[in-house]
Structures are given as C-alpha cells and as structure tokens.
*Asks:* 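What follows is a structure written as structure tokens; I'll ask about it next.
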Amino acid sequence: AIVLAVILSVGLFFAIPEGVARLLKIVFPEPGQNWIVNLLSGIVRICILVAYILFCSTVPDVRRTFEYHGAEHKTVYCNENDLPLTPENAQQFTTLPPRCGTSFLVIVFTISILIFTFLGTNSGNVFARTGSRLLLLPVTAGVSYEILKWLGRAEDTPFVRALKWPGLMVQKLTTKQPEDDMVEVALIALKAALGMPDALPKELDPDYVPENAEEAAE
C-alpha cells in the first residue's frame with residue numbers, strides 16, 4: 001500500500017504536471033512566459049487533486065470515512081457552542097468548518113502556485129525545479145497555516161467568505177452527512193481528547209466491571 005501510494009503521489013502530482021509543463025513550454029517558449037507555464041501547471045495539480053478526491057469518494061469504505069469526517073466537524077461545532085455533547089445537538093450543525101485539513105490543503109496548493117510561479121526556479125533541470133519546491137515547502141506550509149488560522153477567527157465579511165469558499169467547496173467532497181451512531185463515536189473521541197471523565201459509556205467499555213448481578217445481566 002505504501003509503495004502504491006508513493007507511485008500514485010509521484011505520478012499524479014509530479015510526473016503528469018511536469019509533462020504538462022513541458023508541453024506548455026512548447027506553446028510559451030519565451031523566458032518571460034515561464035510564469036504562465038508555472039501558473040498553468042499549478043492549476044493542473046489542483047484539478048488532479050479534485051479529480052482524485054472525487055474518485056476516492058466512489059469507494060464505499062472511503063465514503064464511510066468521509067461520513068466520520070463530517071461527524072468530527074459536527075462535534076467540534078457542538079463543543080465550541082457550549083452545548084451538551086449529544087448526537088441530537090451535534091447533528092444540527094454543518095459538516096463544513098473553516099478550519100479543516102481539506103481547506104488547509106486547498107490553501108497550500110493555491111499558495112504554492114503563487115510562490116512557485118514567481119519564486120521557483122525555471123531551470124530546465126528537473127532536479128533543480130524539484131529542489132526549489134522542496135526548499136520553499138516550509139514557507140508554503142507556514143504561510144498557508146497562518147491564513148487558515150486567520151480565516152477561522154476573521155470577521156464574516158464578503159471578502160473573507162470569498163477566501164473560505166474554495167476550501168468549503170472541496171470539503172463537500174471530503175465530508176458527508178453522518179449517521180447518529182457515527183456522531184456518537186465522534187463525541188466519545190472528543191470527550192476522550194478533552195480529558196472528560198467517563199468519555200466511554202460503561203456499556204461500551206470492555207474493561208468495565210459490573211457492580212452487581214443486575215447490572216451484569218444488563
């Protein structure tokens with residue numbers, strides 16, 4: 001599985017965009033047009049990412065994982081609104097929060113396009129281009145993380161909503177409406193993460209010892 005994942009990652013997000021970039025250089029051969037090549041190849045990467053997520057969502061087990069992803073978001077919303085942590089309360093919230101790994105991924109791809117378009121090397125050497133991207137990766141991730149944090153606390157204005165919109169739209173692919181039992185699992189995980197007592201109901205705890213025969217029968 002690891003070998004396949006590496007092959008897919010290299011093939012989808014490096015080999016194919018590099019091939020597209022080489023074709024674009026035929027169309028835009030002038031040195032001053034390199035930024036166009038970098039920009040378009042970055043857009044190709046985003047299109048591949050969305051297509052990959054769409055394909056994964058057709059796999060039943062992955063779709064079920066996306067439902068648990070939605071359950072996670074609902075429980076966080078429920079906790080942040082200081083409501084009792086119950087499936088009924090959590091289900092009233094959306095599965096699309098501004099602070100999500102999916103939104104972070106979209107921001108990373110967008111920022112990387114901007115950085116690599118104007119700061120990445122335009123060398124014809126594939127290793128030089130790869131090296132420049134690796135060196136700029138911490139910058140890309142750091143800037144993207146700060147933008148994600150800011151979007152999570154920024155005032156709800158049309159400009160902020162416009163910045164959030166791409167990430168929320170991709171979240172519609174990586175989150176699905178969960179069932180109540182999925183939300184219950186997410187609530188138990190949240191309670192455990194927050195160190196709340198009795199996070200796991202005793203009837204679900206395999207290590208729980210009944211206090212009397214009646215309770216043991218139940």
*Asks:* Rounded at 0.5 Å granularity, tell me how far OG1 in T75 sits from CD1 in I188.
*Replies:* 11.0 Å
*Asks:* What distance separates Y68 OH from E179 CD, expressed to the nearest 0.5 Å?
*Replies:* 8.0 Å
*Asks:* Determine whether T175 and L96 make a side-chain contact, defined as any pair of heavy atoms from C-beta on separated by less than 4.5 Å.
*Replies:* yes
*Asks:* Would one find more than 12 heavy atoms of other residues, nucleotides or ligands at under 6.0 Å from atom CG of D181?
*Replies:* yes
*Asks:* So, D180 side chain and P87 main chain: donor-acceptor pair closer than 3.5 Å or not?
*Replies:* no
*Asks:* With a 4.5 Å limit on heavy-atom distance, are the side chains of T174 and I53 in contact?
*Replies:* yes
*Asks:* What pair of heavy atoms forms the shortest contact from V20 to V44, and how long is it?
*Replies:* CG1-CG2, 3.9 Å
*Asks:* I'd like to know if L137 and V139 are part of one continuous hydrophobic network [Ile/Leu/Val/Met/Phe/Trp/Tyr, side-chain heavy atoms within less than 4.5 Å].
*Replies:* no
*Asks:* V185 and V76: same hydrophobic cluster, using ILVMFWY side-chain contacts below 4.5 Å?
*Replies:* no
*Asks:* Say whether T95 and Q177, considering side chains only, have a donor N or O and an acceptor N or O under 3.5 Å apart.
*Replies:* no
*Asks:* Within this structure, what is the OG-CD1 distance for the pair S112 and I46, rounded to the nearest 0.5 Å?
*Replies:* 7.0 Å
*Asks:* Is it possible for you to say whether L168 and L163 belong to one hydrophobic cluster, with membership spreading through side-chain heavy-atom contacts below 4.5 Å?
*Replies:* no
*Asks:* Report, as yes or no, whether the 6.0 Å neighbourhood of atom CH2 on W165 holds more than 12 heavy atoms from other residues, nucleotides or ligands.
*Replies:* no
*Asks:* State plainly whether one hydrophobic cluster holds both Y77 and F66, where clusters connect Ile, Leu, Val, Met, Phe, Trp and Tyr through side-chain heavy atoms under 4.5 angstrom apart.
*Replies:* no
*Asks:* Considering all heavy atoms of both residues, which atom of Q171 and which atom of S103 are nearest to each other, and what is their separation?
*Replies:* NE2-OG, 2.8 Å
*Asks:* Side-chain heavy atoms nearer than 4.5 Å, only ILVMFWY residues, links allowed to pass through others: does that put L39 and I26 together?
*Replies:* no
*Asks:* With distance as the sole test, does Q92 use its side chain to make a donor-acceptor pair with the main-chain N or O of K74 at under 3.5 Å?
*Replies:* no
*Asks:* For I48 and I16, which heavy atoms make the closest approach, and how far apart are they?
*Replies:* CD1-CG2, 3.8 Å
*Asks:* Using 30° and 60° as the class boundaries, would you call the ring planes of Y145 and F104 parallel, tilted or perpendicular?
*Replies:* perpendicular
*Asks:* Has T110 got a side-chain atom pairing as donor or acceptor with V106's backbone, closer than 3.5 angstrom?
*Replies:* yes
*Asks:* How many angstroms lie between atom CG of N89 and atom CD of Q91, to the nearest 0.5 angstrom?
*Replies:* 10.5 Å
*Asks:* Shortest non-hydrogen contact from G70 to P178?
*Replies:* C-CG, 4.1 Å
*Asks:* How many angstroms lie between atom CZ of R99 and atom NZ of K164, to the nearest 0.5 angstrom?
*Replies:* 9.0 Å
*Asks:* OG1 of T58 to CZ of R63: how many Å apart, nearest 0.5 Å?
*Replies:* 10.0 Å
